[in-house]
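Structure first, then comments.
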Amino acid sequence: MPGERRNLRSTKDTSSSTNGEEPRSNSQSSSSNKDQPVPTTRATSSKGKTLPTKKTSGKEGAEDKPHTNGTEPVENGINGTEDVDMVDDGSEKVKVGTNKEGEDEMTLVVPPSKSSKLSGEPNKDEEGDVAMENTNKSDNISSELDPRAKAVADVKANFTLLERAVAQFDARFTLRVLRSISSIRKHLAPDLLAQVITETYTSTSSVAKTLLAALGKEDASFEGPDALSEMDIDTQTKDKPQTTSKSTTLPKDVLPEVDTYLSILVQIHLYDTKATEFGAKFSSNLVERLRSLNRRTLDALSSRVYYYYSLFFEQLAPLPPSPMASAVSIRPHLLAALRTSVLRKDQDTRATVTTLLLRNYLSTSHITQADLLISHSEFPAAASNNQIARYLYYLGRIRAIQLSYTEAHEHLVGATRKSPATPSAGGFYQAASKLLVVVELLMGDIPDRAIFRQPSLEHAMEPYLSLVQAVRVGKIEGFLNVVQTHNALFRRDGTYTLILRLRQNVIKTGIRMMSLSYAKISLRDICLKLDLESEQSAEYIVAKAIRDGVIEASIDHEHGFMKSKELGDVYATREPGEAFHDRIRACLGLHDESVKAMRYPMNQHRLELKNAQEARERERELAKDIVEGEMDDDDASGDFEGM
Amino acid sequence: MSTTELNTTLTRLQSSPPPSSQKIASLLSTAKRQLLHLDALLPAPSTSPHLLHLARTTLETGALFSIRLQDPDAFTRYFQQLLPFYELPPSSFKPAGDGQRSKVTGLYLLLLLTKGDYAGFHTVLEGLEVEMGGRAGAGLEEDRFIGYPVKLERWLMEGSYDRVWGATKREGVPGEEFGVFSEVLVGTIRSEIASCSEKAYPSLPIANAKNLLFLESEGGVVEFARGRDWVVQDGRIYFPLQQGEGVRSEKEILVASGQVIENAIGYARELETIV
């Protein structure tokens, strides 16, 4: 199974690296073809990212994934764009210092490598659908303007999408908006947001006031164009017609979806600028407001709000491991949110809040509570892939602590398979893989060597590789050495206690090796080879190994030796058949899942009906033609005969 | 109601020589009632540090007392009540400190171990580990009280029963209350060893079995053997063979072929739905 997984991933990896190649050529050629929207987006975005993230990207490289930069040093320039997303990953890792850092960023960076490549395209499409003149305009604008105006245009384009999502009650538009956040994120600045806000709201709006206050821009004047004219006159002149036309087309009262969307952007901005305390306060107010709204179209957005809400609190002063952590204080709110979301059948928030609660409980190692939460609540099956992956990871973790390794293994395999293949979510994949390796060891399996060869894991898994090697050899001394050397790291990963449990496995492996290589061996030799304290201990341990089915042997107490039994042929047992069955079942399950995952757009069947109607009509016509044609045929044949 | 009454109850509880067990029981229930009146049975942010300390001491006394009475249910109850107190930072108690935390926690771990609740054991341990890591203090094993059950668990899992046996003797036990569990533990390892021996030895002289099972006399061995349906003949114990292996394998084949057929039909059905 791991082998398959590896293949999957490695193909993805190569594709992502080709992604890296592509943009480079684009950005090089961007100066030449200005009329094409895509390259310009590239150029602008790469310009934008160099400013704020230079420093952090370096840190990130050292901390998290040196190989991304290391293996492809030529592409440094391009990697930069992807780094922007990963930066959070890295910096967060440093700050939080717990094991589950990686997946923090998982949701918010949905498809970064792709989105940075495509960031221009989807927006283009959408605008094209909405209003033709917008497309042209943003094309023109984006080709000549600075990234700021482009970002403003992007944000505004998203408003229309949100409105459409509300009007057509289709969550897909909202998701598209959320996906674009990662590209917009690079350009977020108080000025930009203030501009968007002042242009969207009227000066009396209380929402606008709170948002501006959060940005520290209370003094920004409304109906912005005049106030902003000092900036880039070029920009303004071109931007103005668009904005004015927009503000006239906008409905007088702004949709709560748009409010929330802007609030999320503010949250992200606060998060990126590390204004944790203020962000926590702002998010609390925001959550309060959200609770009063009951709109299904808000679901996806509000789940994102909760996500940042909990992220802020996690980083507040007393950090998680201590039971007094401020993260604990949001539990009642999260639980209330969970209750509400269940009652309102709000799948997105429900899934997000469940994972957040689990994360929260695990951060202070309240495992019993987490376990109770799982048994008393149901995780929505329709949740997004990322949420499912996180849920599986936490579930696997809890089960591993509770010693149900088989279950833990199942969940963790699910988590690693479902984890997004994008480099920015690498942290999650690493964390899940680490845990998976330890659980596999605890189950008595030796993980596949190939797991450690994956480029995204190679570096992070190094200590685990040596651990696996120590267990495989079955030398207690070597094992203890590895644990000692990587003590701090294992503790940080939260795998330390699990690894300590491996001690008995090391002994068992040692005994198995001996039973395989010797037909008969004295207990004394076993005792010496395994560094056990006494022969008596060795006897008990061997007896236990026999009882647990680790080895097939018997002990002669009087003469003090262990005698191995002949090994049977594995292919005479049911094992191969069972393994085969497992695989087939996995494949069939995959097929079922993919069938279930297919989307059937609303009203599509009517279209098909119509098509069918048309087809039938055409058929009828055809039949008529044929009927008429028969004459022709006859005529023709007649002619033919006549000739 | 003030704290003075509670104070007097507590001093009477802790006075030496210790009062009789009935006296302690009634004193404990008085103390708990007083705590309830003071609204301090559960810690609240408004509770004064001094009162917190008193409440914790009361509960700890109760917990240790119930262990001495060999009442695991009462002990578990006390432990659950103590948990919220242990989660407070040590600074919120007036005479700061951890109280008898490690002792009570160690006892709870040992209780879980003797009950065979390994999942619960590791769950509690994981919480402790994370907390200790946060405080950057010494490891769990260095703690005399918590290290004891941790070591016992490790030995039990790897099968070093002789070490467990050694640890349950008087000098190995860290505290008087821990000795209560020794008997249960010895019983546990004895039955473990017995089940291992059944598989590992074809036969065993009684004298050796006496040593292996940590029994006092050969008579004890014979009795023990009878309890487990072992055959004792000519000073040797013969373990019952894995009965009917041949028959079982035939049955297994039948089951297996049934399964194979079922699987194959299942595949065919699934394939049909796909194609």
Side-chain angles (χ1 to χ4, degrees), chain A residues 318-324 362-368 371 398 401-404 491-492 494 496-498 500-501 503-508 532-534 536-549 553-558 562 573-574 577-578 580-581 584-585 588 591-592 595, chain B residues 84 86-89 92 118-135 139-140 150 153-164 189 192-193 195-205 208-209 211-212 252-253 255-256 259-260 263 266-267 270-271 273-274:
Chain A
L319 286 174
S322 93
M324 300 310 288
L362 285 179
S363 69
T364 51
S365 70
H366 283 117
I367 293 139
T368 332
D371 186 35
I398 292 168
I401 289 169
Q402 292 175 334
L403 285 102
S404 10
R491 268 178 207 273
R492 213 185 62 202
Y496 183 69
T497 41
L498 293 178
L500 280 189
R501 289 186 210 167
R503 203 185 128 89
Q504 34 165 323
N505 290 53
V506 180
I507 295 175
K508 274 185 196 164
L532 297 173
E533 268 186 18
S534 66
Q536 205 187 2
S537 277
E539 186 169 349
Y540 285 123
I541 291 170
V542 171
K544 191 172 191 300
I546 294 172
R547 197 220 19 202
D548 295 347
S554 64
I555 304 175
D556 191 323
H557 184 80
E558 283 119 316
M562 173 183 94
T573 66
R574 281 155 61 183
E578 267 160 22
F580 182 58
H581 180 61
I584 290 183
R585 214 175 36 199
L588 290 174
H591 174 263
D592 286 351
V595 170
Chain B
Y86 288 153
E87 294 203 340
L88 298 169
S92 55
Y118 291 105
F121 179 87
H122 282 288
T123 310
V124 175
L125 201 61
E126 180 81 18
L128 290 174
E129 182 72 38
V130 170
E131 211 172 298
M132 296 286 170
R135 283 188 206 167
L140 282 175
V150 170
E153 191 267 351
R154 193 168 302 158
W155 290 332
L156 275 176
M157 290 310 272
E158 68 183 36
S160 312
Y161 298 121
D162 54 326
R163 292 212 210 169
V164 181
I189 56 170
E192 282 281 307
I193 294 169
S195 73
C196 290
S197 313
E198 282 174 13
K199 297 270 160 60
Y201 306 100
S203 71
L204 204 60
N208 293 349
N211 288 336
L212 273 180
E252 226 163 60
I253 288 170
V255 172
Q259 194 126 37
V260 168
N263 285 348
Y267 304 151
E270 293 280 349
L271 266 180
T273 58
I274 294 172

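All chains are named by letter (A, B, ...) in the order of the sequence lines, taking the proteins before the strands, and each is independently numbered beginning at 1.
- To the nearest 0.5 Å, the span separating OG1 on T273(B) from NE2 on H591(A) amounts to 6.5 Å.
- Atom CG in L125(B) sits 10.5 Å away from atom CD1 in I401(A) (nearest 0.5 Å).
- Atoms NE2 and CD1, from H122(B) and I367(A) in turn, are 11.5 Å apart once rounded to the nearest 0.5 Å.
- Heavy atoms of I555(A) lying under 4.5 Å from chain B belong to its backbone as well as its side chain.
- Side-chain contact between L403(A) and F121(B) is absent, with no heavy-atom pair separated by less than 4.5 Å.
- For R501(A), there are no salt bridge (charged side-chain N to carboxylate O under 4.0 Å, His left out) partners, not counting sequence neighbours.
- Most heavy-atom pairs under 4.5 Å with chain B, from the set V542(A), I546(A), D371(A): that is I546(A).
- Rounded to the nearest 0.5 Å, atoms CD1 (I541(A)) and SG (C196(B)) are 11.0 Å apart.
- Of the possible polar contacts, one joining the K544(A) side chain to the M157(B) backbone as a donor-acceptor pair under 3.5 Å is found.
- With chain A as partner, the option from Q259(B), E270(B), R163(B) having the largest number of non-hydrogen pairs under 4.5 angstrom is R163(B).
- Only the side chain of L588(A) comes within contact range of chain B, judged by heavy atoms closer than 4.5 Å.
- In this structure, no portion of I189(B) lies under 4.5 Å from any heavy atom of chain A.
- In terms of non-hydrogen atom pairs under 4.5 Å with chain A, the most contact-rich of Y118(B), W155(B), Y267(B) is Y267(B).
- Among residues two or more places apart in sequence or in another chain, the side-chain contact (heavy atoms from CB on, under 4.5 Å) test is passed with S197(B) by I193(B), Y201(B), F239(B).
- A salt bridge does not link R547(A) to E198(B): none of the charged side-chain nitrogens sits closer than 4.0 Å to a carboxylate oxygen.
- If you measure heavy-atom distances from S404(A) to chain B, you find no contacts under 4.5 Å at all.
- Here the straight-line distance linking atom OG of S554(A) with atom NZ of K199(B) works out to 14.0 Å at 0.5 Å rounding.
- Contacts with chain B were tallied for H557(A), M562(A), Q402(A), Q536(A); H557(A) has the most, counting heavy-atom pairs under 4.5 Å.
- Contact of I274(B) with chain A is made through backbone and side chain together, with heavy-atom distances under 4.5 Å.
- Note: Q504(A) CD to E153(B) CD = 7.0 Å, rounded to the nearest 0.5 Å.
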